[in-house]
Amino acid sequence: MTMTEPTRIFHNPRCSKSRQTLELLKQNGVEPEIIRYLETPPTEQELLQILDLLDCEPRTLMRTKESEYKEQGLDNPELTRAQLIRAMVSTPKLIERPIVLANGKAAIGRPPENVLNIL
């Protein structure tokens with residue numbers, strides 16, 4: 001990711017944290033590219049990049065309380081990183097939100113103030 005790329009937010013308009021994070025970005029003069037990830041999920045490659053930027057494993061980025069998590073057996077410790085990433089691509093509802101990408105870095109807006117560290 002180069003410096004010229006716009007700040008991006010993986011956004012769910014129905015999520016209050018996602019809306020607060022978007023508002024915070026705008027208050028700080030950032031007009032991010034909004035990716036409605038439920039409609040346009042990231043690719044496996046994009047998720048790998050995000051995980052690398054966050055320096056975390058797939059489950060850290062998953063909403064483990066969603067019913068789909070249990071239904072798909074994603075709590076199975078034997079699942080590989082690739083299997084978990086594929087599950088997030090096929091069921092984007094499982095992806096924690098919001099994720100903001102800026103300046104070659106990534107942050108999860110929980111709490112929303114987290115994203116200020118990468119601007």
Side-chain angles (χ1 to χ4, degrees):
M1 217 161 116
T2 63
M3 296 298 283
T4 55
E5 284 194 34
T7 297
R8 294 184 292 164
I9 180 171
F10 287 86
H11 181 58
N12 177 351
R14 298 208 336 255
C15 166
S16 63
K17 288 277 184 270
S18 206
R19 291 194 305 271
Q20 287 165 10
T21 301
L22 182 57
E23 188 53 40
L24 195 61
L25 288 171
K26 289 182 174 179
Q27 285 168 5
N28 282 273
V30 177
E31 279 296 332
E33 177 188 330
I34 296 171
I35 299 161
R36 290 180 174 229
Y37 71 93
L38 293 176
E39 291 143 40
T40 315
T43 62
E44 290 180 31
Q45 195 52 52
E46 284 175 311
L47 272 176
L48 270 172
Q49 188 183 12
I50 291 167
L51 288 167
D52 284 348
L53 289 173
L54 289 169
D55 192 24
C56 72
E57 285 307 306
R59 278 195 181 90
T60 310
L61 201 57
M62 293 175 102
R63 299 175 57 81
T64 55
K65 301 213 172 21
E66 295 289 348
S67 57
E68 287 84 349
Y69 183 80
K70 285 269 190 286
E71 285 162 13
Q72 294 180 31
L74 298 172
D75 50 355
N76 178 346
E78 290 176 22
L79 290 177
T80 65
R81 204 166 184 242
Q83 287 171 308
L84 292 170
I85 288 169
R86 274 198 298 276
M88 287 193 273
V89 172
S90 62
T91 313
K93 185 180 176 191
L94 290 168
I95 302 171
E96 187 57 270
R97 59 186 180 246
I99 301 166
V100 174
L101 302 176
N103 303 312
K105 299 182 185 132
I108 299 174
R110 289 182 174 273
E113 293 71 31
N114 270 357
V115 303
L116 297 178
N117 301 330
I118 65 168
L119 298 181

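One is the number of the first residue; the rest follow in order along the sequence. Hydrogens, waters and symmetry mates play no part in the numbers below; they use all other heavy atoms, side chains included.
Atom CD1 of I34 sits about 12.0 Å away from atom OG1 of T40, to the nearest 0.5 Å. Taking CD1 of I9 as the reference point, atom CZ of R97 lies at 11.5 Å (rounded to 0.5 Å). Here L94 contributes atom CG and M88 contributes atom CE; the two are 8.0 Å apart, rounded to the nearest 0.5 Å. If you take CG on L61 and CG on L51, they are separated by 5.5 Å, rounding to the nearest 0.5 Å. The distance from atom CD1 of I85 to atom OG1 of T43, rounded to the nearest 0.5 Å, is 10.0 Å. The CD atom of Q45 sits 11.0 Å away from the CD1 atom of I50 when rounded to the nearest 0.5 Å.
Looking at K105 and N117, their side chains never come closer than 4.5 Å, going by heavy atoms from C-beta outward. Counting heavy atoms from C-beta on, the side chains of R81 and E57 come closer than 4.5 Å.
Cluster annotation: V115 is not connected to L101 through the hydrophobic network of ILVMFWY side chains, with a link wherever side-chain heavy atoms come within less than 4.5 Å. Cluster annotation: V100 and L54 are assigned to distinct hydrophobic clusters (Ile/Leu/Val/Met/Phe/Trp/Tyr, side-chain heavy-atom contacts under 4.5 Å, transitive). By the criterion of side-chain heavy atoms lying less than 4.5 angstrom apart, applied directly or through intervening Ile, Leu, Val, Met, Phe, Trp or Tyr residues, I108 is grouped together with L48 in one hydrophobic cluster. Follow the hydrophobic side-chain contacts under 4.5 Å out from I118 and you never reach F10; the two are in separate clusters. Criterion: ILVMFWY side-chain heavy atoms under 4.5 Å apart, direct or through other members. Under it, Y37 and L84 are part of a common hydrophobic cluster.
Every residue two or more places apart in sequence or in another chain that forms a side-chain hydrogen bond (donor to acceptor under 3.5 Å, both in side chains) with E68 is listed here: K93. Listed by chain and number, the residues in a side-chain hydrogen bond (donor to acceptor under 3.5 Å, both in side chains) with R63 are E66, E96 (sequence neighbours excluded).
Of all non-hydrogen atoms in P42 and L47, the two that sit nearest each other are CG-CG, 3.9 Å. When all heavy atoms are compared, the tightest approach of G104 to L53 is O-CD2, 3.1 Å. Residues L119 and A102 approach most closely at CD2-CB, 4.2 Å, considering heavy atoms. Here the closest heavy-atom approach between residue P13 and residue H11 is recorded as CA-NE2, 3.5 Å. The two residues T21 and G109 have their closest heavy-atom pair at OG1-O, 3.6 Å.
With respect to L74, the side-chain contact (heavy atoms from CB on, under 4.5 Å) criterion is satisfied by exactly one of T64, L79, T91: L79.
The number of heavy-atom neighbours closer than 6.0 Å to CG of D55, taken from other residues, nucleotides and ligands shown, is 12 or below. Counted within 6.0 Å of CD on Q27, heavy atoms from surrounding residues, nucleotides or ligands total more than 12; the atom is thus considered enclosed.
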